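Report on the following structure.
Every chain is numbered from 1 and lettered A, B, ... according to where its sequence line falls, protein lines coming before strand lines. Values reported hereafter were calculated over all heavy atoms of this structure, with side chains retained and with hydrogens, waters and symmetry mates removed. In this text, all values refer to a predicted model and were calculated from it rather than measured experimentally.
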There are 4 protein chains.
Amino acid sequence: MTIGHNSGHGDFDDENGIEVTDDRLRLLIERIETLEEEKKGVNDDVREVYAEAKAVGYDVKIMRQIVRLRKMKPDDRREQDLVLETYRAALGMV
Amino acid sequence: MTIGHNSGHGDFDDENGIEVTDDRLRLLIERIETLEEEKKGVNDDVREVYAEAKAVGYDVKIMRQIVRLRKMKPDDRREQDLVLETYRAALGMV
Amino acid sequence: MTIGHNSGHGDFDDENGIEVTDDRLRLLIERIETLEEEKKGVNDDVREVYAEAKAVGYDVKIMRQIVRLRKMKPDDRREQDLVLETYRAALGMV
Amino acid sequence: MTIGHNSGHGDFDDENGIEVTDDRLRLLIERIETLEEEKKGVNDDVREVYAEAKAVGYDVKIMRQIVRLRKMKPDDRREQDLVLETYRAALGMV
DNA sequence: GAACTTATGTCGGTGC
DNA sequence: GCACCGACATAAGTTC
């Protein structure tokens, strides 16, 4: 059994048992792992900022909501508003 | 603005402003809401069982894995196991 | 190694290899699986209602939003509105 | 209503209505938003690597499992494997 | 490719 | 004070 289409790429040869590491796969995995570390770093930074905000008295939960709201494109936010109105009307909610 | 293509079905007439409630829509929504409540109930039951299992010493996370594994068709499970082993081997993970 | 605190409950005895099934664990798993099937049933019902609604011309996506909105307790919805206003003010958005 | 305990810090004064922008809050939010953008960038990179892997024939789902496994400390991994095997055995799953 | 479901991690609250 | 618990938030996987 081979992994992917890799046989013949010279990456390994498990018939002889000499080379058992699939370098292509390994490199891809390592690139992902590097990126995951970056991600972790950024996540830590975000957490720090929230901690700092909390320390000076802001409400973190509300801040998260704010960030989320600002992330929505204005159009989406408007559409959401519109849907709400339509639903209220159709279901008889004032 | 109407919801769906329903105008003319006699459900409401917002031109005259006499009937503003779309009963058909309301009923559909209510059926869904009833079902959603059932869902919530079942979810709570599941949580309870896991809590009970934990209380007598089982590892909940592993139990979830077991449930997932049992849900898969045996062939798929075997195949998945095999591929995973192959990749682990290819990366030199014991 | 034992699973949980179960040894001594007579559930199994892997020293003799006579009884290898942990009935307690099995029963818990089976209860979960039964509940999961119920869940699947209810999910299917929900899907059906949406299909029916779609068939008579309603917009399923919008209906889902409606259900979600109605699920929020009025207070929460009001609070969310309030947060939005507060944030707009505090950040100088008209 | 103020956000946080900030009044008196000179950031704004909503009694007079002269200054309505809470700069401290705004700056914190902006720092978070910048970090969120970085996060998005990294996430896109990760997705790209998986796409590349898929394009040359690797099984992305399994690769994710591998990444997850490698993230665990070797001891934890071994322990988890072991527990899982134990449970499978206890349930008679080959 | 969008949306729903499931899984995991984090956080604030609460009991021992 | 520490540990569990529920709520919330994010990420991953699955389905249509």
Side-chain angles (χ1 to χ4, degrees), chain A residues 32 35-36 39-40 42-51 53-55 58-69 71 73 76 79-80 83, chain B residues 32 35-36 38-40 42-44 46-48 50-55 57 59-73 76 80 84, chain C residues 32-33 35-51 54 59-68 71-73 76 79-80 83, chain D residues 32 35-36 39-40 42-47 49-51 54 59-69 71-72 76 80:
Chain A
I32 291 165
L35 291 166
E36 296 283 355
K39 235 164 84 172
K40 186 178 176 341
V42 180
N43 278 328
D44 289 348
D45 291 346
V46 172
R47 211 190 327 273
E48 255 179 72
V49 179
Y50 278 119
K54 181 177 182 170
Y58 292 106
D59 181 321
V60 170
K61 186 174 166 183
I62 295 196
M63 282 182 68
R64 285 186 189 273
Q65 286 189 59
I66 290 173
V67 171
R68 210 178 328 125
L69 284 168
K71 207 183 308 193
K73 278 179 295 185
D76 292 352
E79 197 206 311
Q80 179 125 348
V83 171
Chain B
I32 291 167
L35 291 167
E36 295 283 355
E38 280 182 48
K39 238 165 83 172
K40 184 181 176 338
V42 180
N43 278 328
D44 289 348
V46 171
R47 195 150 356 110
E48 256 179 70
Y50 278 119
E52 189 182 325
K54 180 175 184 171
D59 180 323
V60 170
K61 190 170 163 185
I62 302 281
M63 282 182 68
R64 288 185 188 274
Q65 282 190 63
I66 293 281
V67 171
R68 209 177 331 123
L69 285 169
R70 283 165 62 106
K71 208 182 307 195
M72 300 173 72
K73 277 181 296 184
D76 293 352
Q80 177 130 345
L84 186 56
Chain C
I32 290 166
E33 286 172 340
L35 291 167
E36 296 282 354
E37 274 167 41
E38 279 181 48
K39 235 162 84 172
K40 186 182 176 336
V42 180
N43 276 332
D44 289 348
D45 291 347
V46 173
R47 212 186 327 269
E48 254 178 72
V49 179
Y50 278 119
K54 181 178 185 171
D59 180 322
V60 170
K61 185 173 167 184
I62 294 194
M63 282 183 67
R64 286 186 188 273
Q65 287 190 59
I66 290 173
V67 171
R68 215 178 320 130
K71 206 181 311 192
M72 301 173 70
K73 278 180 294 185
D76 292 351
E79 198 206 311
Q80 177 125 352
V83 171
Chain D
I32 291 167
L35 291 167
E36 295 284 353
K39 234 164 86 172
K40 186 181 177 338
V42 181
N43 277 330
D44 289 349
D45 290 347
V46 172
R47 198 152 348 123
V49 179
Y50 278 119
K54 181 176 186 171
D59 181 324
V60 171
K61 188 172 161 184
I62 303 283
M63 282 180 68
R64 286 185 189 273
Q65 282 190 63
I66 294 283
V67 171
R68 209 174 330 124
L69 286 169
K71 209 182 306 194
M72 302 172 68
D76 293 351
Q80 175 129 348

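- The CG atom of C:Asp44 sits 13 Å away from the C1' atom of E:dT5 (whole-angstrom rounding).
- Separating the CD atom of A:Glu36 from the P atom of E:dT8 is a distance of 16 Å, rounded to the nearest angstrom.
- Looking at every heavy atom in both residues, A:Asp44 comes nearest to A:Arg47 through OD1-NH2, 3.0 Å.
- For B:Arg64 and E:dT6, the CZ to P distance is 10 Å, given to the nearest whole Å.
- In this structure, A:Lys39 does not reach the F:dA11 phosphate: none of its side-chain N or O atoms is under 4.0 Å from OP1 or OP2.
- A heavy-atom distance below 4.5 Å is found between the side chains of B:Gln65 and D:Gln80.
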Problem set entry | Test salt bridge (Lys or Arg N to Asp or Glu O under 4.0 Å) applied to C:Glu37 and C:Lys40, step by step | CA-CA 5 Å; C:Glu37 274 167 41; C:Lys40 186 182 176 336; over 6 Å; no
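- Per the geometry, NZ belonging to D:Lys54 stands 12 Å off P belonging to F:dG13, to the nearest Å.
- Of the two residues contacting DNA chain E, namely D:Arg68 and C:Val46, the nearest-nucleotide position lying further toward the 5' end is that of C:Val46.
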Distances under 3.5 Å between nitrogen or oxygen atoms of protein and nucleotides 14-16 of chain F:
| unit_1 | atom_1 | unit_2 | atom_2 | d |
| --- | --- | --- | --- | --- |
| F:dT14 | OP1 | D:Lys61 | NZ | 2.7 |
| F:dT14 | OP2 | D:Lys61 | NZ | 3.4 |

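- Residue A:Val42 comes nearest to D:Leu35 through the heavy atom pair CG1-O, 3.4 Å, listed as atom of the first residue, atom of the second, then distance.
- Protein atom CG of B:Leu69 is 11 Å distant from nucleotide atom P of E:dA7, rounded to whole Å.
- In this structure, the separation between NZ on C:Lys71 and CD on B:Glu36 is 4.5 Å, given to the nearest 0.5 Å.
- Annotation: side chain of A:Met63 is in contact with side chain of D:Ile32 (closest heavy-atom distance under 4.5 Å).
- Across the protein-nucleic acid pair, D:Gln65 atom CD and E:dT6 atom P stand 19 Å apart, rounded to whole Å.
- Residues C:Val67 and C:Tyr50 form a side-chain contact, since some pair of their non-hydrogen atoms from C-beta on lies under 4.5 Å apart.
- Residue A:Ile62 contributes atom CD1, which lies 18 Å from atom P of E:dC11 at whole-angstrom precision.
- Rounded to an integer number of Å, the gap from D:Ile66 CD1 to F:dA12 C1' is 17 Å.
- Side-chain N/O atoms of C:Asn43 include one lying less than 4.0 angstrom from OP1 or OP2 on E:dT5.
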